[in-house]
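Take a look at the structure below.
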Protein chains: 2
Amino acid sequence: MVVSPPKTAPGRRTASKAERRLQLIKATIRSIAKRGLSETTMAAVAGEARLSQGIINLHFQSKERLLIETLRYVADEYRATWEKALQGAGNSNAERLEALVYADFSKPVCDRNKLSVWFAFWGESKSRPTYRKICAERDREYDEMLTDLCAGLIAEGPYPGVDPALVATGLASMSEGLWLDLLVDPDSMSPEKAMRVYQVYLAGMFPKHFAY
Amino acid sequence: MVVSPPKTAPGRRTASKAERRLQLIKATIRSIAKRGLSETTMAAVAGEARLSQGIINLHFQSKERLLIETLRYVADEYRATWEKALQGAGNSNAERLEALVYADFSKPVCDRNKLSVWFAFWGESKSRPTYRKICAERDREYDEMLTDLCAGLIAEGPYPGVDPALVATGLASMSEGLWLDLLVDPDSMSPEKAMRVYQVYLAGMFPKHFAY
DNA sequence: AGAAAATGAATGATCATTCATTCATTAACA
DNA sequence: TGTTAATGAATGAATGATCATTCATTTTCT
């Protein structure tokens, strides 16, 4: 929960802190997608936001912090997306898993700008412990939730001898690989096709719950 | 095939062109892993190779070309790895697929330095058509080969109603996702565990060929 | 000696960051 | 209500550091 974010006062021309920060984070995402992380400069982000040179240091102190906050933003958004998908889904494990697939390939999640951001930070993660921690945390949370869900399905089946943790990791990994295809080869991959690929795995793994 | 790469002449202290280029490419891979692509400078790479400032421009003309050649190097190496795995494998489709799994999680392929390079370039691919083309080409080649293999397995099963292209894309995507886990969370993922995850998919998809 | 490879100081461009100043908004006061 | 002082958001020129690239010179090999 956020401690009542200050809204813009009526008629105010300068934005509140929270608004400016969000505006700059969104500009950072666009800049990483447009120029790549290695050519994303402070001037580029400020220009993308149509604001002045010094604005980022005013709100984020340094470039490094802006980048970390940007990664946190997409990570938080991703978690919020699948939490919401679970809330909106039916009560059966099959329905909940189906909802997660839709969430993973929904517009806001597999938008190529945001995918660029994920892969850019993953690419730097080995040399930057902060990035790696945020990414690993996202992985872990998702994996835990998905393992529970798979365990439920396996018990229902029953599908004897199937390890829920391995299936969950496989599902999560497949999503990430499909995101890569969407980023690198959008002509031969689409969210719809990605979902079909995912469905093939589900049907093969849980034939009593899913069909081709 | 390469047109007979010039070997080092006997007693020569300076390396041949091909040797220096390879040395610099390997230094680039280490630098990307150690510092990230965005902090990989010409001086860093030259230092990593224990050579002088100007050496890269001498052999690669520009930084951009060094990076492209580095990406090409890992891409070529990857293709060579799976081609060799197929050559060394038995004749059955199941054995060939098994060999591909081992290749994908062999030391040279899922070494974290090289994974850093892949993800770094994937992260920049949206803004750099040259990177994207090389990556998409690698994807396409692998996908075609794997689709043929899966088609063979599906016919043998038979596994009616299973689309070989979708299964192949799923398998390739899963590898990429597992590589991400190896890069980002090496404490909870290992090549052995990755292979087990992969095996679960194979067993679920092709129960007449693979078991848990 | 002549050719090729390698060096490393020099150059100019680009970058993140700083900070004195401007501007918009609110609060205080009459 | 109208005026003014105080606040803090935003600017953009200036700074110093870092970077890729060049090239005159040196080293190494034939």
Side-chain angles (χ1 to χ4, degrees), chain A residues 4-28 31-32 34-71 120 124 127-128 130, chain B residues 5-28 31-32 34-71 120 124 127-128 130-131:
Chain A
S4 78
K7 292 277 170 70
T8 299
R12 193 185 171 92
R13 281 200 215 161
T14 58
S16 73
K17 290 234 176 225
E19 279 173 324
R20 272 280 173 270
R21 287 170 61 95
L22 184 58
Q23 179 186 7
L24 288 168
I25 284 172
K26 287 184 175 174
T28 305
S31 176
I32 290 174
K34 190 191 285 184
R35 277 170 271 260
L37 182 53
S38 70
E39 287 189 353
T40 285
T41 65
M42 301 288 264
V45 174
E48 195 74 40
R50 301 186 172 280
L51 291 169
S52 64
Q53 284 268 16
I55 194 75
I56 294 170
N57 291 97
L58 180 67
H59 287 278
F60 291 92
Q61 288 73 57
S62 70
K63 183 184 183 182
E64 176 65 8
R65 290 211 181 153
L66 169 70
L67 293 178
I68 290 171
E69 293 298 309
T70 301
L71 176 55
E124 303 266 295
S127 55
R128 313 198 88 126
T130 310
Chain B
K7 294 274 170 71
T8 301
R12 192 183 173 91
R13 281 201 214 158
T14 56
S16 73
K17 292 234 175 223
E19 279 172 324
R20 271 282 174 270
R21 288 170 60 95
L22 184 57
Q23 180 186 6
L24 289 168
I25 284 171
K26 287 183 175 174
T28 305
S31 176
I32 290 174
K34 191 190 285 181
R35 278 170 269 261
L37 181 53
S38 70
E39 285 188 354
T40 285
T41 65
M42 300 289 263
V45 173
E48 195 74 39
R50 300 184 173 282
L51 292 168
S52 64
Q53 284 268 17
I55 194 74
I56 294 169
N57 291 96
L58 181 67
H59 287 279
F60 290 93
Q61 287 75 54
S62 72
K63 184 184 184 184
E64 175 66 7
R65 289 210 182 153
L66 169 70
L67 294 178
I68 289 171
E69 293 299 308
T70 300
L71 176 55
E124 302 267 291
S127 55
R128 313 196 87 126
T130 310
Y131 298 173

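Note that the structure is a prediction, hence the values are computed from the model and not measured. Chain letters run A, B, ... following the sequence lines, proteins first and then strands; every chain starts at 1. FYI, side chains are in, hydrogens and waters are out, and symmetry mates aren't considered; it's all heavy atoms of this structure.
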In terms of side-chain heavy atoms of A:T41, which of C:dG8, C:dA16, D:dT22 is nearest?
C:dA16
B:I55 has a side chain; which of C:dA6, C:dT17, D:dA20 sits nearest to it?
C:dA6
By nearest heavy atom, map A:N57 and A:E39 onto DNA chain C; which one lands nearer the 5' end?
A:E39
If only side-chain N and O atoms of A:K17 are considered, is one of them under 4.0 Å from the OP1 or OP2 phosphate oxygen of D:dA9?
yes
Report the nucleotide, chosen from D:dT21, C:dT17, C:dC15, that has the shortest atom-to-atom distance to any side-chain atom of A:M42.
C:dT17
Could you tell me how far apart B:L66 (CG) and D:dT21 (P) are, to the nearest whole angstrom?
10 Å
Please tell me if B:H59 has a side-chain N or O lying less than 4.0 Å from either OP1 or OP2 of C:dA5.
no
So what does A:I56 touch, heavy atoms closer than 4.0 Å: a base, only the sugar-phosphate, or nothing?
nothing
Checking side chain to side chain contact (heavy atoms under 4.5 Å, CB included) for the pair B:E64/B:R128: CA distance, chi angles, key distance, verdict?
CA-CA 11 Å; B:E64 175 66 7; B:R128 313 196 87 126; 3.0 Å; yes
The test is side chain to side chain contact (heavy atoms under 4.5 Å, CB included); show your working for A:L67 and A:E124 and say whether it passes.
CA-CA 12 Å; A:L67 293 178; A:E124 303 266 295; over 6 Å; no
A:R65 atom CZ is separated from C:dT17 atom P, nearest whole Å, by 11 Å
Flag side-chain contact, heavy atom, 4.5 Å: A:I25 against A:F60
yes
Given atom NZ of B:K63 and atom C1' of D:dC19, what is their separation to the nearest angstrom?
8 Å
Any non-hydrogen side-chain atom of A:E69 less than 4.5 Å from a side-chain atom of A:L24?
no
